[in-house]
Amino acid sequence: MSRRSLLKTGALAAVAAPFAGSLLTACSTKSSDSGPANKTVTVTSYGGSYNDQLTKTILTPFQKKTGIRPTLLANTSLAALKTQVQSGDVQWDLVELTAPEYVQAVSEGLLEKFDYNIISDTGLPSYAKADYGIKYLSFLFVMAWDQTHIPDAQAPTNWAQFFDQSRYATKRSVYGQLSDSSILEAARLAEGIPFDRIYPLDVDAALRYLAQHPGRDKLIYHTANQEPIQQLTSGEVALSTSFNNRINAARKDGAKLNFSSSNGVLAGDYFVVPKGARNKEAAFRLMDFMSNDADAGADFDQTTNLTLANTAALAKLPAAVADSLPTSPKLAGSILVRDDAWWAKNLKATEQTFKLWQAAS
């Protein structure tokens with residue numbers, strides 16, 4: 001189960017019927033037809049509680065400020081976006097895509113170029129701005145620990161320490177779904193490879209390192225994002241990979257867990273505008289609001305435990321929270337940005353190599 005599976009499961013029926021249902025204002029994806037152009041904007045995401053949070057923190061304040069009426073759908077799909085663009089009947093204005101989907105959509109010419117005359121890039125971190133979209137949502141693949149077994153003062157500060165069996169004589173739980181996991185990057189970082197030489201990723205070297213540090217028999221693989229939280233809080237493991245938002249959410253619920261943002265690997269999702277979108281100016285105005293409104297950005301970060309590409313929001317957050325987010329200037333130079341293009345090209349082959357390596361353990 002990938003990081004997004006729970007969101008997609010909640011919208012499964014909508015995915016099967018790409019032009020069904022709205023969670024905000026209308027039941028038809030043709031809602032963007034009604035009224036003058038750019039007075040409405042149709043947005044697609046993954047559904048579930050996340051859509052409710054997106055509505056509360058971003059879309060409702062945006063409508064109050066601009067008068068533009070958003071319609072939020074739960075059926076985002078690259079396949080449906082492609083069908084709309086190729087048919088010339090584009091019903092969506094702003095579409096959430098995974099990073100590999102974004103790379104594919106750009107290569108197939110399916111997207112409008114973003115207008116940074118409408119969208120101020122003042123609030124965008126450098127990793128977020130792209131020609132045909134904004135990596136609006138980010139999270140960090142991090143090393144996490146159980147504070148009842150590993151006090152913060154003794155916790156790992158880099159991946160070499162995380163994998164050091166002489167330092168921590170325990171098994172480690174690592175994320176086995178390479179579509180989201182950055183365990184191979186972590187292995188290369190542990191070997192001392194600098195950020196600017198991680199890609200193209202040397203998969204064989206990463207696997208050789210993991211076989212020795214900590215050793216094949218010292219790795220447990222999780223495939224769902226909640227598993228490491230359960231493993232850490234139950235005492236099954238004292239060290240695990242996880243995502244910063246998952247650990248922050250668990251900490252809010254009282255779990256004695258912590259993580260290090262330093263040496264984390266950043267990934268995220270994009271918002272894009274399909275080529276031929278009816279309300280692309282309204283979509284760009286929404287992206288401008290999302291990227292620069294400090295109050296909305298802070299509300300999003302605190303409500304979702306995710307990180308919006310909005311640096312102005314940092315000043316509205318508690319310092320301890322702001323300093324741990326990938327948008328923080330304090331983390332500049334200490335986090336690796338995942339290479340979306342490399343993974344889009346090499347994911348299937350790398351997954352096959354990784355599974356064969358696991359089976360040989």
Side-chain angles (χ1 to χ4, degrees), residues 2-32 40-63 68-84 90-102 105 110-112 114 128 130 132-139 179-180 225 243 245 267-274 277 279-280 282-291 293 296-297 299-301 303-310:
S2 74
R3 179 185 58 82
R4 304 172 184 87
S5 292
L6 290 178
L7 293 178
K8 290 184 177 180
T9 299
L12 186 58
V15 171
F19 303 110
S22 165
L23 293 186
L24 189 59
T25 56
C27 294
S28 168
T29 56
K30 293 185 179 294
S31 57
S32 59
T40 65
V41 59
T42 299
V43 184
T44 67
S45 186
Y46 292 108
S49 61
Y50 179 68
N51 270 26
D52 297 335
Q53 295 167 342
L54 191 62
T55 298
K56 170 186 174 293
T57 61
I58 301 296
L59 300 184
T60 298
F62 171 73
Q63 181 172 358
I68 297 171
R69 177 173 57 84
T71 297
L72 180 59
L73 309 178
N75 55 346
T76 195
S77 161
L78 176 58
L81 182 155
K82 184 174 182 178
T83 297
Q84 291 182 32
V90 179
Q91 302 294 332
W92 298 344
D93 301 310
L94 195 63
V95 180
E96 182 164 1
L97 296 179
T98 66
E101 288 172 337
Y102 168 78
L110 301 175
L111 307 178
E112 294 281 355
F114 265 37
Y132 293 90
I134 288 175
K135 186 180 285 186
Y136 88 101
L137 177 71
S138 62
F139 41 87
S179 57
D180 289 321
N225 288 314
F243 292 100
N245 60 299
D269 284 356
Y270 287 80
F271 264 135
V272 301
V273 175
N279 300 294
K280 69 177 182 179
F284 293 150
R285 289 184 65 186
L286 175 53
M287 290 309 305
D288 178 65
F289 177 85
M290 196 179 300
S291 304
D293 189 281
D299 194 13
F300 177 93
D301 288 352
T303 299
T304 66
N305 292 304
L306 295 162
T307 306
L308 197 66
N310 179 331

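Model, not experiment: these values are computed from the prediction.
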Taking it one step at a time, do Gln63 and Thr60 satisfy side chain to side chain donor-acceptor pair (under 3.5 Å)? CA-CA 5 Å; Gln63 181 172 358; Thr60 298; 6.0 Å; no

Run the side-chain contact (heavy atoms from CB on, under 4.5 Å) check on Tyr132 and Glu112 step by step: do they pass? CA-CA 6 Å; Tyr132 293 90; Glu112 294 281 355; 6.0 Å; no

Would you give the length of the straight line joining atom OH of Tyr270 to atom CG of Leu137, rounded to the nearest 0.5 angstrom? 12.0 Å

Any side-chain heavy atom of Tyr102 within less than 4.5 Å of one from Asp269? no

At what distance, to the nearest 0.5 angstrom, does OG1 of Thr304 lie from CZ of Phe139? 11.5 Å

Could you state the interatomic distance from CD (Glu101) to CG (Leu81), rounded to the nearest 0.5 Å? 9.5 Å

Between Phe284 and Phe114, is a ring pair (Phe, Tyr, Trp, His ring centres under 6.0 Å) present by the stated rule, with each step listed? CA-CA 7 Å; Phe284 293 150; Phe114 265 37; 5.2 Å; yes

Closest heavy-atom pair, Ala105 versus Leu97, reported as atoms and distance to 0.1 Å, is CB-CD1, 4.1 Å

Reported CG-to-CG distance for the pair Asp299 and Leu308, which is rounded to 0.5 angstrom: 10.5 Å

List the steps and the verdict of side chain to side chain donor-acceptor pair (under 3.5 Å) for Glu96 and Ser45. CA-CA 5 Å; Glu96 182 164 1; Ser45 186; 2.6 Å; yes

Check Val41 against Leu286 and note the closest heavy-atom contact, atom names and distance. CG1-CD2, 4.3 Å

Please name the residue in the list Asn305, Asp293, Leu306, Asn310 that meets the side chain to side chain contact (heavy atoms under 4.5 Å, CB included) test with Phe300. Leu306

Do Val43 and Asp93 pass the side-chain contact (heavy atoms from CB on, under 4.5 Å) test, and can you show the C-alpha distance, the side-chain angles, and the key distance before you say yes or no? CA-CA 6 Å; Val43 184; Asp93 301 310; over 6 Å; no

Trace of the side-chain contact (heavy atoms from CB on, under 4.5 Å) decision for Leu110 with Leu78: CA-CA 10 Å; Leu110 301 175; Leu78 176 58; 4.2 Å; yes

Beyond-backbone contact of Met287 with Leu94, side-chain heavy atoms, under 4.5 angstrom: yes

Can you name the nearest heavy-atom pair linking Thr76 to Trp92, along with the distance? CA-CH2, 4.4 Å

Let's go through Asn75 and Thr44 carefully: what are the C-alpha distance in whole Å and the side-chain angles of both, what is the deciding distance for side-chain contact (heavy atoms from CB on, under 4.5 Å) to 0.1 Å, and is it a yes or a no? CA-CA 6 Å; Asn75 55 346; Thr44 67; 3.9 Å; yes

Here the gap from Asn51 atom CG to Lys56 atom NZ, rounded to the nearest 0.5 Å, amounts to 14.5 Å

Where is the tightest heavy-atom contact between Leu54 and Phe271, given as atom of each residue plus distance? CD2-CZ, 4.4 Å

Pick from Ile68, Asn279, Thr71: which one makes a side chain to side chain contact (heavy atoms under 4.5 Å, CB included) with Thr40? Asn279

Distance in Å, Arg285 CZ paired with Phe62 CZ, rounded so as to fall on 0.5 Å steps: 6.0 Å

